[in-house]
2 protein chains.
Amino acid sequence: MRPKDFEKEEAIRSIALRIIAEEGLENLSMQKLAKEANISPRTIYIKYENKEDLLIKLFIDEVLGNYEKAVLEGFEETMNFEEGVRKIWLNTFKYFKSNRQSYILMQYGKSSPLLNKAFKERNINEGDFFAPVHRFLKRNIKNGTIKSFPIGVLRALLFAPLLDLSNEYFEYKERPKQIITEKVLSDCCDAIIEGIKL
Amino acid sequence: MRPKDFEKEEAIRSIALRIIAEEGLENLSMQKLAKEANISPRTIYIKYENKEDLLIKLFIDEVLGNYEKAVLEGFEETMNFEEGVRKIWLNTFKYFKSNRQSYILMQYGKSSPLLNKAFKERNINEGDFFAPVHRFLKRNIKNGTIKSFPIGVLRALLFAPLLDLSNEYFEYKERPKQIITEKVLSDCCDAIIEGIKL
DNA sequence: TTAGTAAGTAAACGTTTGTTTACTATTAAA
DNA sequence: TTTAATAGTAAACAAACGTTTACTTACTAA
């Protein structure tokens with residue numbers, strides 16, 4: 001049996017992500033994707049059932065998976081609250097900083113009816129990702145270290161501004177005076193921690 | 001001269017928004033839009049140059065415009081810091097609560113290459129929206145009421161969690177126990193204000 | 001009352017869409 | 001060296017795409 005060519009599989013994924021991020025999902029077609037990857041359209045259908053299947057697997061495996069891995073690098077749920085939150089903040093910002101594609105796809109995931117549908121069908125909920133962070137937060141509530149908000153609310157308060165800050169970084173990237181310096185980022189993190197601690 | 005039928009114009013806009021929010025931008029076609037609005041495709045081209053023009057005007061006028069109006073209702077830039085921030089929080093949440101479509105389109109706007117391109121071409125920047133809020137924030141920095149972050153950073157810290165909280169509200173809407181109660185929302189607002197005040 | 005004009009329609013334009021058919025290439029196992 | 005099976009290709013399919021052409025309708029100003 002002829003073995004799969006994993007280089008082709010990788011090409012399909014990376015080129016698809018590039019087109020979505022740079023030209024928008026509405027401009028991703030199977031034929032365009034095949035052409036840019038130098039393969040026949042049929043080859044995509046060997047690896048994915050159809051376009052919807054491709055998009056969903058792309059998002060769950062590549063976007064969410066890589067994001068989670070980058071964010072949790074070096075994070076231990078036994079860290080103290082300040083240390084843990086700061087670690088996640090720096091990891092997240094570092095990841096998006098060198099990876100604008102992921103930022104765009106992440107935002108896209110929040111609004112896409114297709115992906116929301118897929119998540120419901122597969123019974124995937126947000127708690128399945130970042131489980132160590134959730135346990136970390138729960139422990140710190142029990143400890144009495146932080147205010148007792150529902151997990152989803154804590155996640156919003158602690159990490160939602162990060163996506164906007166990453167975007168702010170891109171907006172001003174070409175300008176002479178960088179706005180999101182390490183100091184600003186660190187001060188932001190402090191401000192948020194301050195408001196959430198008991 | 002035969003006058004424009006404004007009901008048709010309104011139908012085009014509201015149906016287009018519905019399709020984008022419920023089925024995704026990739027499923028909005030001019031023919032589908034015309035069919036659902038009970039008009040000829042040609043009629044859309046009387047009111048908009050092409051599909052891109054329709055999408056951009058739709059987003060700037062309907063989505064951003066209505067959002068700004070709802071958020072600023074009853075807000076005065078002379079309010080004191082806590083009062084002003086709380087007003088915006090409650091307005092925003094109330095708006096998204098009864099208007100999930102806008103939430104989805106708002107998120108879409110953040111990721112869409114098409115809209116980002118349009119903003120650059122037209123020299124629209126975020127400062128053009130919510131000017132009263134920006135002046136309000138600047139005054140409170142000068143006052144020494146709050147920490148001296150760049151405006152874009154303050155905006156992220158103060159208002160970014162709101163979008164996620166609105167989504168959290170939807171996620172749990174059908175469940176017996178509501179998570180985002182008025183009390184939780186108010187406590188969140190307090191926590192953020194606490195971290196930002198000097 | 002009528003002439004002029006923009007609004008609107010029905011139907012079609014050439015392209016591109018997602019996907020499939022019919023075929024060839026490449027490899028592991030027998 | 002042959003066999004069986006999957007990977008991959010080139011070309012095509014009907015359907016849908018954005019947009020336009022040719023025409024009709026409805027109203028205003030003269």
Side-chain angles (χ1 to χ4, degrees), chain A residues 1-62 108 112-115 117-118 121, chain B residues 1-62 108 112-115 117-118 121:
Chain A
M1 178 183 88
R2 184 174 174 179
K4 281 198 186 187
D5 184 337
F6 288 105
E7 266 186 42
K8 273 170 189 159
E9 193 150 2
E10 175 52 29
I12 291 173
R13 291 181 170 238
S14 64
I15 290 172
L17 291 175
R18 214 223 61 233
I19 293 176
I20 297 172
E22 287 177 14
E23 306 174 34
L25 180 66
E26 68 273 24
N27 289 309
L28 174 73
S29 79
M30 300 300 258
Q31 318 207 65
K32 186 178 191 172
L33 176 54
K35 203 169 194 178
E36 290 205 29
N38 276 317
I39 54 170
S40 158
R42 182 70 179 81
T43 305
I44 304 174
Y45 288 86
I46 293 169
K47 294 156 202 299
Y48 303 95
E49 262 185 58
N50 48 39
K51 193 181 180 183
E52 189 172 317
D53 182 49
L54 165 66
L55 289 175
I56 291 168
K57 284 186 178 149
L58 213 55
F59 187 75
I60 293 179
D61 299 346
E62 301 284 310
Y108 184 78
S112 160
L114 170 66
L115 294 173
K117 203 191 79 184
E121 280 172 7
Chain B
M1 179 183 87
R2 185 174 173 180
K4 281 198 186 188
D5 185 338
F6 287 104
E7 267 185 41
K8 273 170 190 161
E9 193 151 2
E10 175 52 29
I12 292 172
R13 291 181 169 239
S14 64
I15 290 171
L17 291 174
R18 214 223 61 234
I19 294 176
I20 297 172
E22 288 176 15
E23 306 174 36
L25 180 66
E26 68 272 25
N27 289 308
L28 174 73
S29 79
M30 300 301 257
Q31 315 204 71
K32 187 177 190 172
L33 175 55
K35 203 170 194 177
E36 290 205 29
N38 277 317
I39 54 169
S40 158
R42 183 70 181 81
T43 304
I44 304 174
Y45 288 86
I46 293 169
K47 294 156 202 298
Y48 304 95
E49 261 186 58
N50 49 38
K51 194 180 180 184
E52 189 172 318
D53 182 49
L54 165 65
L55 290 174
I56 290 168
K57 285 187 177 149
L58 215 53
F59 187 76
I60 293 179
D61 299 346
E62 300 285 309
Y108 184 78
S112 160
L114 170 66
L115 294 174
K117 203 190 79 182
E121 281 172 6

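Sequence lines set the chain letters: A, B, ... in the order given, protein chains first and strands last, and positions in each chain run from 1. Keep in mind that what you see is a predicted model, and the values were worked out from it rather than measured.
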Ignoring hydrogens and angles, does a donor from either the side chain of A:S40 or the base of D:dA10 sit under 3.5 Å from an acceptor on the other? yes
Taking for each residue the nucleotide of DNA chain D with the nearest heavy atom, is it A:I46 or A:P41 whose nucleotide lies nearer the 5' end? A:I46
Between CD of B:Q31 and C1' of C:dA11 the distance, given in whole Å, is 11 Å
Does a side-chain heavy-atom distance below 4.5 Å link B:I12 with B:Y48? yes
Whole angstroms only, please: what is the CG-C1' distance between B:D53 and D:dG18? 14 Å
Expressed as a whole number of angstroms, how long is the span from A:N38:CG to D:dA7:C1'? 17 Å
Check the distance between C:dG18's P and A:N27's CG and give it to me in whole angstrom. 11 Å
Let me know the distance between CD1 of B:I44 and C1' of C:dA10, rounded to the nearest Å. 14 Å
Given D:dC17, D:dG8, C:dT17, which nucleotide is nearest the side-chain atoms of A:S29? C:dT17
Taking the side chain of A:K8 as heavy atoms from C-beta outward, which of D:dT20, D:dT9, C:dT19 is closest to it? D:dT9
Out of C:dA10, C:dT17, C:dT21, which has the shortest distance to the side chain of A:R42? C:dT21
Distance, rounded to the nearest Å, where B:D5 contributes CG and D:dA26 contributes P: 12 Å
Counting side-chain heavy atoms from CB outward, which of D:dG8, D:dT20, C:dG8 is closest to B:Y45? D:dT20
Of the options C:dT20, D:dT19, C:dG8, whose atoms approach the side-chain atoms of B:K47 most closely? C:dG8
If you define the side chain from C-beta out and look only at heavy atoms, does anything of B:K117 sit under 4.5 Å from B:E52? yes
Taking any heavy-atom pair under 4.0 Å as a contact, classify B:K35: base, sugar-phosphate, or nothing. nothing
In terms of side-chain geometry, is the basic nitrogen of B:E23 or B:R18 positioned less than 4.0 Å from the acidic oxygen of its partner? yes
Between the side chains of A:K51 and B:E26, is the shortest nitrogen-to-carboxylate-oxygen separation below 4.0 Å, so that they form an ion pair? no
Grab the CE-C1' distance between B:M30 and C:dG14 for me, whole Å please. 17 Å
Out of C:dT19, D:dC17, C:dG8, minimum distance to the side chain of B:T43 belongs to C:dG8
B:S14 (side chain) donor-acceptor with B:E10 (main chain) under 3.5 angstrom: yes
Proximal nucleotide (of D:dG18, C:dT9, C:dT19) relative to the B:K51 side chain: D:dG18
May I have the distance from B:L54 (atom CG) to D:dC17 (atom P), rounded to whole angstrom? 15 Å
